[in-house]
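In what follows, a single structure is set out as structure tokens and then discussed.
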Amino acid sequence: MAPSSGRRQPPSSEDLDERNIVGINKETITNTVSTDYPDNYANEEHAWDKEAFRRSFKVQWHDNQQYEAQFSLIGIDASIANAFRRILIAEIPTLAIDIVYIYNNTSVIQDEVLAHRLGLIPFTGNKKGIQNWLGFWRKPAPGEDSYATTFDSNTVCLKLQAKCTHNKDAPPNSKDPKELYHNAHIYAKDIKFEPLGVQEKHFSGDGVIRPFNPDILVAKLRPGQELEIEIHMHKGFGWDHAKWSPVATASYRLMPTITITKPILGADAEKFADCFMNGVIGLEPVTRKEARSKGSGYEGHEGELKAVVKDPMRDTVSREVLRHPEFEGKVKLGRRRDHFIFSIESTGQWDSDDLFLEAVKTLKKKCQVLRPQVTNMVYTF
Amino acid sequence: MSRETYQIPTPSQTANPGSSSGGGLNPGAQRSPFDADTNTVMQYICGDCGAKCPLRRNELIRCRECGCRVLYKERTKRMVQFEAR
């Protein structure tokens, strides 16, 4: 047995902090893997514990608008945070254009391309109607009638009909196609909802099915060209096609940490602040107390400006500061490994905060499916 | 009926062009095009001026507006189905 063995000191709080920080150096990244699992540290437990998790886990909201949210999940493992992100992108159902019936399209844009463009337009409507009432459409089996599975409870019908004509009242020397012709540009707002069956009850007034951004350009026409299109929308998942993804993007980043280890003063401090995003580094005068304390590095610099870290969350961790020799050894960059700053941008069918709650619900449901299977596995062996 | 087999072009009715689609969930029901006799009028598009020229069978192939002898067929009014992906 090695002479140094025996009871180790429990880790200090600085040690614990240090363990949770990914080091970011000039050309390398260190300490990237989580270490908080059993048998990794001698004399430390680290088995996952519900109560410990409940005590340490925190959610912080930074920004909660209807279609854009930013919040932090603190004290959670990367695997769970990533599961939420992936569920947000691919496993929350939305309504999107699925089948396009083209009766006439004499515009320059090809049928296939037009159908694809239509599919990617995000739509919105009464949330309860889309999320709770509307069901999923099933592709008819081979041999079955093509509309055997199409009902008002799983399909939303839209229509796009437009013909471009000359505008007789156009100003004589105009060159703008929008003035010269009627219907020169076809926008998403020209797609009209056609309620079927009882859909009127669920999607009317404010809740009508409509494009979330009415000004998306779908096609351009010239006189004599026309479009006559019928559209079926179905509910689907992002794993099937990105058009069903409820988020423009859902992503997370780790909380940056900036530690100033040696004082940075005067002109250097200003240069230091310029190395980061605006608002990350602040400049404060050195106080009398600091200037008097021996060994602080501030002796005799009372009233000069020093660099202080104000808001590391705004930093992009560009590492610009590590390129300058004058800051060498004076600053340490890192990222907090268990602090995830989520940002969710909804495409308009869901509210962004609802989306996260739905992701939690989905993960819970998945776990409920997994649990009996794990139990069975244990029983069979 | 497969979409790939040859299909006789649809004679368009000059009275109501482009209103062939029925609303609702059953697109595609159309009139049979097989009764093409000498009185059936087919629409063509002039290759020069772009005007529509209704032509009967055995009529001179020539645009009435500009006299151009190149005429194009119209796009079929038959429904084409696409998956939006």
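Owing to the predicted nature of the structure, the values given are computational and were not obtained by experimental measurement.
Ring-plane geometry between Trp239(A) and Phe237(A) is classed as parallel, the angle between the planes falling under 30 degrees on a 0 to 90 degree scale with a further cut at 60. By the 30° and 60° cut-offs, the orientation of the rings of Phe356(A) relative to Phe84(A) is perpendicular. Under the 30°/60° scheme for interplanar angles, the aromatic rings of Tyr101(A) and Tyr147(A) are found to be tilted.
Chain B forms more heavy-atom pairs under 4.5 Å with one residue of His241(A), Arg117(A), Lys163(A) than with any other, namely His241(A). Of all the listed residues (Ile229(A), Leu120(A), Asp111(A), Leu114(A)), the one sharing the greatest number of non-hydrogen pairs under 4.5 Å with chain B is Asp111(A).
With a 4.5 Å cut-off on non-hydrogen atoms, Arg75(B) touches chain A through its side chain but not through its backbone.
Ion pairing between Lys52(B) and Glu74(B) holds under the 4.0 Å rule for side-chain N and carboxylate O.
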